[in-house]
Amino acid sequence: MDLVMKLSTYFLPTLKETPSEATVVSHRLMLRAGMISQSTAGIYSWLPLGLRVLKKVEQIVREEQDRMGGQEVLMPLLQTAELWQESGRYDGYGKEMLRMQDRHERDLLFGPTAEEVITDIFRRYIKSYKALPKCFYQIHWKFRDEIRPRFGVMRGREFLMKDAYSFDVDKESAVNTYRAMMRTYLKTFQRLGLAVIPVRADTGVIGGDLSHEFHVLAQTGESQVYYDKKFDTFRENIDQVDVDEIMGLYAMADEMHKPEECPLEGEDLREARGIEVGHIFNFGTKYSEILNAKVVLADGSSIAPEMGSYGIGVSRLVGAIIEANHDEQGIIWPESVAPFQVALIGLGGTVEVSEVCERIYKDLEKVGVSVLYDNRSEGPGVKFSTADLIGLPWQIILGPKGLQEGLAEIKCRRTGDRESIPLESLVSYMQEKLC
RNA sequence: CGGGGCGUAGCGCAGCCUGGUAGCGCACCUGGUUUGGGUCCAGGGGGUCGGAGGUUCGAAUCCUCUCGCCCCGACCA
């Protein structure tokens, strides 16, 4: 990705007024910040600024999947009906699944998930218990023809999802994989700057017996979650807490919460709003059995491997991050996903100011800091508003007055704190702030 | 899918009730002005009034049908 862009040429169609269709804050801000453009209900184009964020999120998710031993694959968008008929889900999935025919009148569908495809791959190549465990994942577009898409990219029909599928030789090994994925998820969400609670969940259409949903805590969340207050104290280093301990704590989504069965009382029980951004399942041999995927054991007998599947809504996360990180002025990106690290704002439109600004961004570029330079001939108010709206973590402001004294101002978007820094130490100061 | 709302310039809206051939703010273009919080002045371009049919001398406005978008509910990453 380019480290430096100038606003005079960058495609950033910001809006002063909120389009009337957007009611939730992340949707409003994504439209106003020129991140997305709606094509039709639940289907969006990602514009340059939004795409940068999406890719950042995607990359963090990918790195953590790789770290836990996942192997990335890319499966087809279109799947054949036969495979789904074989698994028995073709009729069961309902209208949410978009179905179509090719020119030969062969029945196809736009994949809403990929258990069938991955199991088909597995059964064609993997024959021995020695090859296990295996975990595959992809980050790919899904289409689910939701009854009612809403909230911008938080509930689109077309959405970017990380879906992973695991195969283990037995239950015990499968539960280990499940725990490893739990740890991976906690780490992933922590890197994304989100407070997340893993709640016990219903296994729904996917089936199975062990399942957690991951909810980003945000006041505007769609679902109510109930959880042990210990989660609040884990927040900072949740990835280092023992996974069994976390799984042992009480945490339930609304529909699973039974006050009479809840072991917590009063202060110990926290209630909050959450946005579901991830869901993990262990579902045993449901698909391996029905699709006849088998491995041979040491004793020559064969078994159907234990499977799990693990989803993260990558595009939904972009919305969820905004829900959890914004103020009246606009978005406040966590540094890990910010489309650029620094907004460089040149004021006054003098040659001197622009020359120094050019030098600043070149110096920052050299040390790997990404900068969006507002070199438009707009007044200061417009530039400040734009910078606050798009929410880059740091603003470097240089005006004629500061230049005379050899000072630039650095503003932290999140706290609003401002500091005047001598121009010559600007780069090292920024490097320090960003590490 | 059930209930509700809305489609008029890129965006936000007025006009519709009570028909007479479209207007305001922002954005955009030109010239000037301004430069530490969406500056000010002047001029300008842009609209098959979502679509089709009907009533009428005449329809953004009334009637019928249709398409789309949004909100509330059941489902989901």
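A note on names: the letters A, B, ... follow the listed sequences, proteins ahead of strands, and every chain is numbered from 1.
Between A/R150 and the phosphate of B/rG73, there is a side-chain N or O to OP1/OP2 separation shorter than 4.0 Å. The shortest distance between the side-chain N/O atoms of A/R148 and the OP1/OP2 oxygens of B/rA74 is not below 4.0 Å. Between A/T40 and the phosphate of B/rC69, there is a side-chain N or O to OP1/OP2 separation shorter than 4.0 Å.
Atom name C1', nucleotides B/rG20 and B/rG15: the rounded distance is 14 Å, in whole Å. With C1' as the reference atom, B/rC41 and B/rG4 are 46 Å apart, rounded to whole Å. Distance noted for atom P between B/rG46 and B/rG10: 12 Å (whole Å). For the C1' atom pair drawn from B/rC67 and B/rG50, the interatomic distance equals 7 Å after rounding to whole Å. Here, B/rG51 and B/rG44 have their P atoms 29 Å apart, quoted to the whole Å. A distance of about 27 Å separates the C1' atoms of B/rG68 and B/rC28, rounded to the whole Å. Spacing of C1' atoms, B/rC71 relative to B/rG36, comes out at 41 Å, to the nearest Å. Separation of the P atoms belonging to B/rG7 and B/rU61 is 13 Å when rounded to the nearest angstrom.
Within the nucleic acid shown, A/V382 comes within 4.0 Å of at least one base atom, counting heavy atoms only. Nucleic acid contact class of A/T23 (heavy atoms, under 4.0 Å, all strands): sugar-phosphate only. The residue A/R157 sits apart from the nucleic acid: no heavy atom pair falls under 4.0 Å. Backbone-only engagement by A/E21 is indicated by non-hydrogen atom pairs under 4.0 Å involving sugar-phosphate atoms exclusively. Residue contacts for A/D163: at a heavy-atom cut-off of 4.0 Å it reaches no nucleic acid atom on any strand shown. Here A/I147 lies in heavy-atom contact (under 4.0 Å) with a base. Counting any heavy atom pair closer than 4.0 Å across all strands shown, A/G156 reaches a base atom. Note on A/G278: only backbone sugar-phosphate atoms sit closer than 4.0 angstrom, heavy atoms only; bases stay farther off. As judged by a 4.0 angstrom heavy-atom cut-off over every strand, A/T18 is placed among residues touching the sugar-phosphate backbone only.
Considering only side-chain atoms of A/E17, the nucleotide from B/rG37, B/rG12, B/rC76 that sits closest is B/rG12. Residue A/P19 places its side chain closer to B/rC11 than to any other of B/rC1, B/rA77, B/rC11. Nearest nucleotide to the A/H279 side chain, out of B/rC76, B/rC70, B/rA77: B/rA77. Ranking B/rC72, B/rG37, B/rC75 by closeness to the A/F151 side chain, first place goes to B/rC72. Among the nucleotides B/rG38, B/rC69, B/rC11, the one closest to any side-chain atom of A/R32 is B/rG38.
Residue A/K16 is the one, among A/K16 and A/A41, whose nearest nucleotide of RNA chain B lies closer to the 5' end (criterion: closest heavy atom). Both A/T386 and A/M161 lie near RNA chain B, and the one whose nearest nucleotide falls closer to the 5' end is A/T386.
The aromatic rings of A/Y178 and A/Y310 are tilted relative to each other, their planes meeting at an angle between 30° and 60°. Ring orientation note: the planes of A/W46 and A/W141 are tilted relative to one another, at an angle of 30° to 60°. Aromatic ring pairs are classed by plane angle as parallel below 30°, tilted from 30° to 60° and perpendicular above 60°; the pair A/F340 and A/Y10 is perpendicular. Between A/F214 and A/H212, the ring planes are tilted. Angles from 30° to 60° get that label.
Following rounding to the nearest Å, A/I345 (CD1) and B/rG38 (P) show an atom-to-atom distance of 14 Å. Between the CZ atom of A/R418 and the P atom of B/rG36 there is a distance of 13 Å, given to the nearest Å. Spacing between atom CZ of A/R316 and atom C1' of B/rC76 amounts to 7 Å, rounded to whole angstrom units. Straight-line distance from the CZ atom of A/R376 to the P atom of B/rU35: 18 Å, rounded to whole Å. Counting to the nearest Å, the P atom of B/rG12 and the CZ atom of A/R28 are 13 Å from each other. Whole-Å rounding puts the A/Y93 OH to B/rC76 P distance at 9 Å. In this structure, the CD atom of A/E96 is 8 Å from the P atom of B/rC76, given to the nearest Å. The separation between A/Q38 atom CD and B/rC6 atom P is 19 Å, rounded to whole Å.
Using modelled atom types, one finds a donor on one side chain and an acceptor on the other under 3.5 Å when comparing A/E213 with A/H215. Judged by distance alone, the side chains of A/T113 and A/E115 do bring a donor and an acceptor atom under 3.5 Å apart.
The ring of A/F159 lies on top of the base of B/rA77, close enough and flat enough: under 5.5 Å between centres, under 30° between planes.
B/rG53 and B/rC63 make up a base pair, with Watson-Crick or G-U wobble contacts both under 3.5 Å. The partner of B/rA74 cannot be assigned: no Watson-Crick or G-U wobble pair with both contacts below 3.5 Å exists in any strand. In a base pair of the Watson-Crick type (N1 to N3 plus N6-O4 or O6-N4) or a G-U wobble (N1-O2 and O6-N3), with each distance short of 3.5 Å, B/rC6 is matched with B/rG68. Under the Watson-Crick or G-U wobble criterion, with both distances below 3.5 Å, B/rG23 is paired with B/rC13.
With a 6.0 Å cutoff to the six-membered ring centre and a 45° limit on the axis angle, A/R144 does not count as a cation-pi contact of A/Y93.
Ring-centre distance between A/F151 and A/H27: not below the 6.0 Å cut-off.
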